[in-house]
Amino acid sequence: MTAPDSAAPIEPLAYDAAAVEAKWRARWLERGTNRTDLAAGPRPYYGLMMFPYPSAEGLHVGNLFAFTGNDIHGRFQRLQGHTVFEPLGYDAFGIHSENYALKVGVHPMELIPRNIANFRRQLDRAGLMVDWTRSVDTTDPVYYRWTQWVFLQLYHRGLAYKKKAGVNWCPSCKTVLANEQVIAGECERCGTKVTQRFLEQWFFRITDYAKRLLDNLDGLDWSESTKSAQRNWIGASEGAEVRFRVLDPLGDAGSAAVMVSREITTGSAEIAVFTTRPDTIFGATYLVLAPEHPLVDVITSDAERASVAAYRARTAQQDIVSRKTTKEKTGAFTGAYAVNPATGDMIPVWIADYVLMEYGTGAIMAVPGHDERDFEFATKFDLPIVRVVAGAGESARTPLTAAFTDDTGGTLVNSERFDGIPVSEAKGMVTAWLAERKSAKAVTTYRLHDWCISRQRYWGPPIPIIYCDACGTVPVPERDLPVVLPNIADYTPDDSGVSPLARHEEWYHVACPSCGKPARRETDVSDTFLDSAWYFLRYPSVGNDTVAFDPAITKRWLPVTTYIGGNEHAVLHLLYSRFTTMVMKDAGLLDFEEPYTKFRAHGLIIRDGAKMSKSRGNVVNPDEYLDQWGADTLRTYLMFLGPFEEGGDFRDASISGVRRFLERIWASVRDASASGAADREVLKKLHQTIRKVGDDIPKLSYNTAIAAMMEYVNVLRRGERAPHRDEVLPLVQLVSPFAPHIAEELWEMLGHSASVFDSGWPAFDASLVVEDGFDLVVQVNGKTRGKVRVATSVTQADALAAARGDAAIAKFITGEPKKVVLVPGRLLSIVV
RNA sequence: GCGGGGGUGGCGGAAUUGGCAGACGCGCUGGACUUAGGAUCCAGUGGGGCAACCCGUGCGGGUUCAAGUCCCGCCCUUCGCACCA
């Protein structure tokens with residue numbers, strides 16, 4: 001029998017990911033599917049994702065993972081009827097770009113646009129619902145004009161100031177290094193010994209906002225890990241500031257009695273210290289100042305001047321990192337003495353580098369009996385150690401072989417009127433007692449430092465300040481913004497420690513905006529964290545070049561509804577943008593002070609159990625996977641390999657399962673029949689799935705949502721049954737946030753002409769999932785012995801009867817039940 | 001040291017917050033269809049045992065009819081902070 005001329009049976013249309021994806025990329029562009037109507041769309045939903053640094057290597061699967069997770073969330077919100085705004089831009093300034101440009105010998109102004117073009121190409125393939133008409137590029141003068149404007153707002157509010165600060169300096173790279181670039185006192189790149197330099201730098205007074213930044217955290221819907229990292233970083237500690245009077249260094253150091261009387265008449269200097277343990281003041285046997293402390297010059301005796309100067313010089317040379325990590329105690333005696341306000345004793349004043357100028361008051365009262373560092377120091381320099389706290393089973397005379405630092409269980413000893421009082425109570429009591437005598441006050445100190453925004457480099461927005469001999473420091477008037485970063489050929493940093501911009505004469509020299517006389521520009525550029533501290537304010541106002549952010553559109557779209565990003569920015573970026581927002585609020589420019597209502601940190605994609613890195617050679621290039629599997633498969637796979645907030649291990653092996661899942665959906669829709677009726681059991685599973693996926697997506701439980709859809713497809717296709725159209729149509733909507741291209745194609749195959757993303761979310765019908773009975777699990781003496789089918793509303797007595805009627809279970813019910821517990825809808829527990 | 005996550009089959013991971021441990025996927029085993037299978041489909045798959053059953057969520061205790069989940073004491077791991085007074 002030969003077939004008639006109608007040829008072989010028609011090949012069923014196979015899923016061709018590349019064709020489908022190309023078709024829908026073009027269609028979305030042409031229809032403007034991803035453009036957001038910012039002015040009129042109902043129920044605004046601002047779904048922000050952290051913008052990437054456009055590296056020369058191109059998009060990383062880690063970026064893709066993060067963006068996809070955010071995109072799914074955004075597409076889901078759109079299906080729920082929100083007007084979703086999902087912008088994306090480029091964070092392209094900074095030392096990374098500059099160093100890379102120097103390395104490959106291509107100017108950043110040439111390199112960055114090239115990188116951005118490549119990023120854009122890759123991002124377009126990823127199927128993100130990004131509104132590209134409102135993108136930002138931090139290196140574009142159209143953008144950084146407003147970054148400079150933000151600087152000026154802070155400057156005008158007295159929140160930007162200049163001060164000298166120590167920085168890590170690599171003499172070989174001729175550049176300032178961040179603390180994390182210093183490895184064991186050496187430059188991470190070239191291995192040269194790092195030194196410390198003092199440079200005039202611009203700072204933002206973020207410490208003025210420490211309390212607000214800390215207190216507001218409680219009310220934010222953020223990942224707990226992120227809030228905790230911020231709390232850690234702000235580092236509030238409660239304690240007391242205690243003042244110690246310094247004795248006249250010229251006096252006779254041999255007699256305490258004489259000294260005390262002299263000191264009252266001369267009224268010499270006071271040293272303020274910060275302590276979290278005011279209760280231990282009776283054990284404060286010496287004071288220590290940071291070597292940089294301004295009082296050191298005042299109090300140092302002639303006899304000690306040379307050794308103090310030598311010690312200070314040595315400290316000034318040391319790099320900042322090794323100073324903080326070298327535990328070996330060093331120091332020098334100043335020759336001065338102070339009075340312990342609790343005991344009246346004369347105690348020596350030392351300087352040591354274990355005391356940091358930038359924390360607290362830059363001075364401490366040393367209590368060697370109850371602080372490990374002080375104990376070590378006192379032991380080394382033979383200073384007195386006094387016990388003032390006794391732990392359980394200890395007395396005032398129990399010798400101290402190490403510092404006793406427990407501040408929960410102890411009671412005070414050798415502390416006069418406070419003897420016997422528990423440490424927990426004594427803290428407040430001692431502070432109050434000292435306060436009465438005008439020697440102390442309760443204070444909270446923060447670990448947070450002011451934000452240094454100066455960079456002595458080329459690739460950043462110039463700080464908009466002009467120095468005039470007549471007028472002093474003059475901010476660039478807003479009408480003169482932007483201060484354009486000049487395109488200079490030689491942007492290599494040099495040994496001067498001054499930005500390369502200083503070498504560009506015609507840019508550097510400028511007329512003073514205030515008096516017109518010759519003046520000079522600030523040559524530092526600002527930190528990239530300033531670029532990203534306000535970018536979310538800009539997106540909705542992109543295109544409006546008369547303001548940084550339009551008040552009406554800002555009111556409509558901000559604060560950001562959901563922000564998703566990596567935990568590597570949990571501290572600095574998020575803190576700086578919160579601070580900037582608070583300042584804008586205080587300036588009356590915004591009516592909210594927390595920029596991100598909800599923040600979730602995504603996890604990290606690792607490979608072979610390790611973070612992806614070039615040196616390890618385990619970096620996954622998304623292009624390869626997009627070519628081989630398509631964006632829909634890669635997206636869904638990335639979301640399936642683990643919980644979104646934890647990340648997961650990328651492995652080639654399991655991607656095929658996800659691809660098979662999409663193919664099965666494709667075949668189900670292709671083969672669906674419109675005649676007859678949908679199967680009731682299948683519909684039940686469908687509606688359970690609608691509920692599950694709808695519950696899981698908002699929780700970012702993408703992996704379990706996908707698993708639920710896979711389960712449904714297994715039911716749908718069981719035994720190679722032919723699905724009904726009503727069984728597959730809602731599935732296309734469910735899967736669409738994950739696999740948008742194939743969903744659009746299938747939606748069209750089902751006869752729709754509009755986008756699936758404007759079709760709404762399938763309705764969940766509770767009546768379809770009602771079960772008329774269920775399998776009751778029966779436990780006897782705590783062990784599962786079987787299950788019986790019973791009615792949903794079964795009573796305990798009926799359940800027990802049913803269990804007894806099942807031979808396999810009944811044989812374990814050996815006597816009269818002592819106790820019976822029925823968990824409705826779940827199980828029956830019988831104790832015999 | 002302080003703070004935040006984690007420890008579940010061969011692997012990635014589920015488990016409605018105290019209620020059938022191992023959903024879903026990979027891998028593996030067997031089968032079907034095939035000239036063929038690295039395609040597709042079906043079935044099985046924590047360990048032990050012929051079986052009835054027994055044992056199993058890092059370790060040791062405890063609470064409970066019932067513990068991966070709660071309590072106490074440890075171990076390991078990962079991330080953040082750290083000479084911060």
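Excluded from the calculations below are hydrogen atoms, water molecules and symmetry mates; all remaining heavy atoms, backbone and side chain alike, are included. Quick note on labels: first sequence line is chain A, next is B, and so on, each numbered from 1.
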Q | Interatomic distance at C1', B:C20 relative to B:C59, whole Å | A | 26 Å
Q. Of A:Asp695, A:Ile690, A:Asp696, which is the lone residue that meets side chain to side chain contact (heavy atoms under 4.5 Å, CB included) with A:Lys692?
A. A:Asp696
Q. Which glycosidic conformation, syn or anti, is assigned to B:G47 if syn requires a torsion within 90° of zero?
A. anti
Q: Name the closest nucleotide to the A:Ser225 side chain, picking from B:G27, B:G4, B:A85.
A: B:G4
Q) Relative to the ring of A:His569, is the ring of A:His573 parallel (under 30°), tilted (30 to 60°) or perpendicular (over 60°)? A) perpendicular
Q: Over 60° means perpendicular and under 30° means parallel, so classify the ring planes of A:Tyr576 and A:Phe529, tilted if in between.
A: perpendicular
Q.
Less than 4.0 angstrom between a side-chain N/O of A:Arg323 and OP1 or OP2 of B:A82, yes or no?
A. no
Q: Report the secondary structure of RNA chain B in dot-bracket form, marking unpaired bases with a dot and bases paired to a different strand with |, and treating Watson-Crick or G-U pairs with both distances under 3.5 Å as paired.
A: (((((((..(((......[....)))((((((.......))))))(((....)))..(((((..]....))))))))))))....
**Q.** Distance-minimising heavy-atom pair for A:Phe274 and A:Thr361
**A.** N-OG1, 3.5 Å
Q: Could you check whether A:Val571 gets within reach of a base, just the sugar-phosphate, or nothing at all, counting any heavy atom under 4.0 Å?
A: nothing
Q.
For A:His602 and A:Phe65, take the angle between the two ring planes, folded into 0 to 90°, and tell me which bin it lands in: parallel under 30, tilted 30 to 60, perpendicular over 60.
A. perpendicular
Q | Per-nucleotide protein contact string for nucleotides 7-15 of chain B (B base, S sugar-phosphate only, - none; heavy atom under 4.0 Å) | A | ----SBSS-
Q. Name the one of A:Phe738, A:Phe650, A:Tyr625 that satisfies ring pair (Phe, Tyr, Trp, His ring centres under 6.0 Å) with A:Tyr637?
A. A:Phe650
Q) Base, sugar-phosphate, or nothing: which does A:Phe812 touch, judged by heavy atoms less than 4.0 Å apart? A) sugar-phosphate
Q: Look at the side chain of A:Val777 and decide which nucleotide, out of B:C20, B:A85, B:C83, has an atom nearest to it.
A: B:C20
Q. Counting side-chain heavy atoms from C-beta on, which of B:G3, B:C41, B:A85 comes nearest to A:Ser237?
A. B:A85
**Q.** Integer-rounded Å distance: B:G19 C1' and A:Leu822 CG
**A.** 11 Å
Q.
By the 4.0 Å heavy-atom rule, please label A:Ser654 as base, sugar-phosphate, or nothing.
A. sugar-phosphate
Q: Look at the aromatic rings of A:His370 and A:Phe404 and report parallel, tilted or perpendicular, splitting at 30° and 60°.
A: perpendicular
Q: May I ask you to say what A:Val823 touches in the nucleic acid, namely base, sugar-phosphate or nothing, with a heavy-atom cut-off under 4.0 Å?
A: base
Q) Excluding sequence neighbours, so at least two apart, what forms salt bridge (charged side-chain N to carboxylate O under 4.0 Å, His left out) with A:Asp208? A) none
Q.
Between A:Met710 and A:Lys819, which residue's closest nucleotide on RNA chain B lies nearer the 5′ terminus?
A. A:Met710
Q: Identify the two heavy atoms, one from A:Asp353 and one from A:Arg323, that lie closest to each other, and give their separation to 0.1 Å.
A: O-NE, 3.0 Å
Q | Flag, side chain of A:Asp450 to backbone of A:Thr207, donor-acceptor distance under 3.5 Å | A | yes
Q. Which whole-number value in Å describes the distance from A:His370 NE2 to B:G1 P?
A. 21 Å
Q.
Taking any heavy-atom pair under 4.0 Å as a contact, classify A:Arg691: base, sugar-phosphate, or nothing.
A. nothing
Q: Would you mind classifying the nucleic acid contact of A:Arg664 as base, sugar-phosphate or nothing, using non-hydrogen atoms under 4.0 angstrom?
A: sugar-phosphate
Q: Can you figure out which of B:A23, B:C20, B:A85 approaches the side chain of A:Leu827 most closely?
A: B:C20
Q | Any N/O donor-acceptor pair, A:Lys818 side-chain to B:C65 base, under 3.5 Å | A | no
Q) When you check the phosphate oxygens OP1 and OP2 of B:C81, does a side-chain N or O of A:Arg447 lie under 4.0 Å from one of them? A) no
Q: Determine the Euclidean distance between corresponding C1' atoms of B:G62 and B:G49; express it in Å to zero decimal places.
A: 32 Å
**Q.** Minimum-distance nucleotide (side-chain atoms of A:Tyr359 versus B:G19, B:A85, B:C26)
**A.** B:A85
Q.
Can you see if the side chain of A:Arg826 gets near the phosphate of B:G18 - specifically, an N or O under 4.0 Å from OP1 or OP2?
A. no
Q.
As a test of reading the structure: which of B:A85, B:G3, B:C24 is closest to the side chain of A:Thr276, going by heavy atoms?
A. B:A85
Q: Tell whether A:Arg717 reaches the base of B:U40 with its side chain through a donor-acceptor pair below 3.5 angstrom.
A: no
Q | Side-chain N or O of A:Arg718 closer than 4.0 Å to phosphate OP1/OP2 of B:C42 | A | no
Q) So which nucleotide from B:G25, B:C65, B:C83 ends up closest to the side chain of A:Asp353? A) B:C83
Q.
Counting the atoms with a prime plus P, OP1 and OP2 as sugar-phosphate, which does A:Glu241 contact under 4.0 Å by heavy atoms, base, sugar-phosphate, or nothing?
A. nothing
(Q) Which nucleotide wins on minimum distance to the side chain of A:Val821, given the candidates B:C20, B:G19, B:A85? (A) B:G19
Q. Side-chain N or O of A:Asn567 less than 4.0 angstrom from OP1 or OP2 on B:G4?
A. no
Q: Could you tell me the separation between the CD1 atom of A:Ile605 and the P atom of B:U78, rounded to a whole number of Å?
A: 19 Å
Q) Under 4.0 angstrom, heavy atoms only, what part of the nucleic acid is A:Gln779 near: base, sugar-phosphate, or nothing? A) base
(Q) Reading RNA chain B from 5' onward, which residue's closest nucleotide shows up sooner: A:Val658 or A:Glu663? (A) A:Val658
Q. Can you tell me if A:Thr445 uses its side chain to pair, donor with acceptor, with the backbone of A:Gly360 under 3.5 Å?
A. no
(Q) Does atom CD (A:Glu372) have a neighbourhood of more than 12 heavy atoms from anything else shown, all under 6.0 Å? (A) no
Q) Would you say B:A21 has OP1 or OP2 under 4.0 Å from some side-chain N or O of A:Lys783? A) no
(Q) Distance check, P atoms only: B:A43 and B:C26, in whole angstrom units. (A) 14 Å
